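To keep things clear, I will list the structure first and then write my remarks on it.
All values derive from a computational prediction rather than experimental measurement. Both counts, for ligands and for their atoms, begin at 1 and track the order of listing.
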Amino acid sequence: MHAQIQLVAQALARAERILVITGAGLSADSGLPTYRGLGGLYNGHTEEGLPIEAALSGPMLRRDPALCWKYLAEIGRACLGARPNAGHFALAELQRRKPGCWVLTQNVDGYHRAAGSPVQRLIEIHGELSPLFCMDCRQRSFELAEHLQRPLPPRCDRCGGVLRPPVVLFEELLPEAELGRLQTQLALGFDAVLAVGTSASFAYIVEPVLRARRGGGFTAEINPQAGELSAFVDVHLEGGAADVLPQLIRHISSDKI
Ligand code: NAD
Ligand code: ZN
């Protein structure tokens, strides 16, 4: 493992443009449940016997907002109750040292921002949990935390409509602005792509890795389990994000970059 960490560190030290793709596994080390894979909360079904993808979907939010909110609130409480970990801080440090380093995250917990990742080089492709807005009159409402104290689903104080967070639910489209920023950066190319704690269930997560590979770039993965991506990356570091990322950053000595 040590030699492999050194290999990845050397490749990142040489690279100018780096894309780090993060998923629920990074925040698993903050105590948040992942969806799939190791520590997955919903490897089976919800109490209602639904796949989590159905409970947390755009159509379900409209059809049965209380049911969808039951799981949104669970995610919300978990995110508000934990903090970024050493992995998030190590990535923010990498971005400080490498002005061409971008983070593309599927997480909605806001921990990259909290750890100091610059918003200019952070793409939150699945949105964020706050502030809530009204699905009927679009009024932006209070922070999530205040609404979690009240009966669910949260309601708009102006029109009584159901409030929702600006997250991307299953079966919803990705935010155009974020997608545009991602496409612009992908078109410019990356010398190295590092995937951290993602089961890579979406094409737009796998694509940047394949693209870097095709272009002769370096690819690596940090995940305690082998998965979809492992066969496509140059190096798979089999470990937890909060453990491996700080080691990796320590190996990227400042004289090399
Ligand atoms: P996922 O749950 O599908 O996969 C998590 C991956 O992390 C798995 O491959 C697992 O083996 C790995 N993992 C587990 N512990 C790890 C650790 N300590 N270090 C590194 N890797 C570890 O997550 P995903 O690929 O991000 O996709 C799931 C969807 O769920 C996304 O759409 C995301 O928006 C959402 N989600 C977000 C959060 C959050 O914001 N923190 C939490 C759960 C789910
Ligand atoms: Zn309203």
Is there a polar contact between ligand 1 and T198, counting only N or O atoms under 3.5 Å apart? yes
Is the cationic atom of R17 (NZ for Lys, CZ for Arg) positioned less than 6.0 Å from the six-membered ring centroid of F190 and within 45 degrees of its normal? yes
Going by the atom numbers of ligand 1, which of them fall below 4.0 Å from some non-hydrogen atom of S27? 41 (N)
CD (E124) and CZ (R181) are apart, to the nearest 0.5 Å, by 9.0 Å
Proximal candidate to atom 4 (O) of ligand 1 [heavy atom criterion; set S199, A226, A195, G87]: S199
Is there a side-chain contact between L56 and I75, using heavy atoms and a 4.5 Å cut-off? yes
Is any side-chain N of the basic residue among E93 and R250 closer than 4.0 Å to the acidic one's carboxylate O? no
One finds that the ligand 1 atoms under 4.0 Å from a non-hydrogen atom of Q225 are 11 (O)
Just wondering, do Q185 and L104 contact through their side chains at under 4.5 Å, heavy atoms? no
Go through ligand 1 atom by atom and flag the ones less than 4.0 Å from a non-hydrogen atom of G240. 17 (C), 18 (N), 19 (N)
Atom indices of ligand 1, in the order listed, that fall short of 4.0 Å to a heavy atom of A24: 2 (O), 23 (O), 24 (P), 26 (O), 42 (C), 43 (C), 44 (C)
To the nearest 0.5 Å, what is the distance between CD1 on I18 and CH2 on W102? 13.5 Å
Below 4.0 angstrom from a heavy atom of L32, which ligand 1 atoms are there? Numbered from 1 as shown, please. 41 (N)
Closest to atom 41 (N) of ligand 1 (heavy atoms only, candidates L237, D109, N223, L229) is D109
Under 3.5 Å, is there a donor-acceptor pair between the Y71 and E48 side chains? yes
What atoms of ligand 1 come within less than 4.0 Å of a heavy atom belonging to G197? 5 (C), 6 (C), 7 (O), 20 (C), 21 (N)
Heavy-atom contact under 4.0 Å between Y111 and ligand 1? no
Any N/O pair P224/ligand 1 closer than 3.5 Å: no
Between V209 and L186, is there shared hydrophobic-cluster membership here, with clusters defined by ILVMFWY side-chain heavy atoms closer than 4.5 Å? yes
If you have a sec, read the angle at the Zn ion (ligand 2) from C137 atom SG over to C156 atom SG, to 10 degrees. 110°
A student checking ligand 1 against G23 at a 4.0 Å heavy-atom cut-off should list atoms 26 (O)
With respect to P33, determine whether any N or O atom, backbone or side chain, lies less than 3.5 Å from an N or O atom of ligand 1. no
Within less than 4.0 angstrom of ligand 1, does G227 place any heavy atom? no
I'd like to know if the side chain of K98 reaches the main chain of A15, judged simply by a donor and an acceptor atom lying under 3.5 Å from each other, with no hydrogens or angles considered. yes
Taking the side chain from S57 and the backbone from M60, do they hold a donor-acceptor pair closer than 3.5 Å? yes
Numbering as shown, the atoms of ligand 1 that approach H126 to under 4.0 Å (heavy-atom distance): 31 (C), 32 (O), 33 (C), 34 (O)
